[in-house]
Amino acid sequence: MKEVCLPFTDLKDNEIAEVEIRISERKRVLKYRIESFALAPPEKKKPGTNEKINLLREMIKAYDPDWELIQILDSNEGSNYVQLLYRYKK
Amino acid sequence: MLRTEELTKVFRSDEVETIALNRVNLAVEQGEYVAVMGPSGCGKTTLLNILGLLDIPTNGKYWFDGQEVSQLSEVKRTRLRRGQIGFVFQSFNLIDELTIYHNVELPLLYMGVSASERRKRVSKVLEQVKITHRRKNFPQQLSGGQQQRVAIARAVISNPKIIFADEPTGNLDSVNGEEIMNLLSQLNSDGTTIVMVTHSPADADKAHRIIQLFDGHIVTENIRKAVKIS
């Protein structure tokens with residue numbers, strides 16, 4: 001089994017969850033981070049789909065290369081924010 | 001093996017128009033293992049259904065094994081699916097009234113395979129997924145993990161070129177889920193192309209490439225491993 005589920009309180013933006021696993025003498029540290037990206041300026045309530053997608057693509061492309069995108073999380077209906085789960089590569 | 005160009009799917013009801021897929025350009029090579037991820041409602045299953053010839057796009061082109069298939073009739077799509085495509089669904093989709101043996105045998109009956117050949121192939125594939133001892137049981141007598149192994153046996157019985165899996169571990173605990181993922185990885189190592197929709201990052205990790213969908217668009221792709229052509 002390679003999957004470990006750890007229930008913990010919701011991460012706030014830019015907080016890093018660090019998980020340390022020891023198997024016999026081997027230690028592995030996993031770091032996860034959730035980023036919230038605004039898909040439109042606050043004054044603009046409903047961005048167009050293409051505008052939203054282009055912005056998201058640019059944000060993903062420009063993100064710190066030491067972190068890899070793991071998952072785009074479900075967001076609340078009508079929200080202008082999208083949450084992305086990243087894992088530290090090194 | 002698969003290629004789409006500007007693939008678009010629009011669902012229309014009386015009042016609402018929903019663009020489930022928006023100009024998706026995608027190519028999958030033979031022997032590749034591709035995971036499709038994204039939040040709920042982003043178009044993952046719609047994409048899988050079109051790629052698996054269960055549905056047709058509203059616009060755009062789709063080439064399956066060199067043939068443009070985007071507007072094929074239901075009859076022609078069914079013919080093309082038989083023997084070329086296998087499906088594995090989250091909810092297993094086994095026929096409750098048939099035994100495990102007969103569930104697995106069913107695709108071969110549709111293909112007109114002889115009785116002796118059917119017996120040989122069903123026995124072999126049941127052994128491959130380690131479920132031979134349950135061949136006389138009905139689906140409801142099996143655990144979720146066992147039912148999914150049967151569903152995989154049914155998917156591979158016709159030696160398909162490609163398997164489409166929609167959340168194959170979604171209804172399973174982690175131990176059974178891991179077993180199913182190992183089976184899919186083994187099939188891919190043996191040369192079967194796999195396209196899998198999943199919410200599980202751990203399952204997606206097994207793939208050569210992860211595609212992230214959002215609002216019907218591919219927003220990014222992440223190549224994780226090189227494809228070994230067998």
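The structure displayed is predicted, hence computed values, not measured ones.
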Over 12 foreign heavy atoms within 6.0 Å of CZ, R23(B): no

message: How about NZ on K89(A), more than 12 heavy atoms from neighbouring residues, nucleotides or ligands closer than 6.0 Å, or not?
response: yes

message: Which atoms of I70(A) are under 4.5 Å from chain B, going by heavy atoms: the side chain, the backbone, both sets, or neither?
response: both

- request: Assess whether side-chain contact (heavy atoms from CB on, under 4.5 Å) is satisfied between R224(B) and E68(A), documenting all intermediate values.
  value: CA-CA 11 Å; R224(B) 307 188 55 78; E68(A) 64 175 333; 3.1 Å; yes

query: Within the side chain of Q71(A), is there an N or O that forms a donor-acceptor pair under 3.5 Å with the backbone of M37(B)?
result: no

query: Which of the residues G216(B), P39(B), G177(B), G38(B) is involved in the greatest number of heavy-atom pairs with chain A at under 4.5 angstrom?
result: P39(B)

field: Gap between atom OG1 of T220(B) and atom CD1 of I72(A) - 0.5 Å precision
entry: 8.0 Å

Partner of F214(B) by side chain to side chain contact (heavy atoms under 4.5 Å, CB included), out of I60(A), L84(A), T49(A), I53(A): I53(A)

- request: Tell me, for K52(A) versus chain B, whether the close heavy atoms (under 4.5 Å) come from the side chain, the backbone, both or neither.
  value: side chain

- request: Please say whether more than 12 non-hydrogen atoms of neighbouring residues, nucleotides or ligands are located less than 6.0 Å from CD in E127(B).
  value: no

message: To the closest 0.5 Å, what do you measure between CD1 (I210(B)) and CG (L69(A))?
response: 8.5 Å

N50(A), part contacting chain B, at a heavy-atom distance under 4.5 Å: side chain

statement: If one checks every heavy atom of L213(B) against chain A at 4.5 Å, the contacting part turns out to be backbone

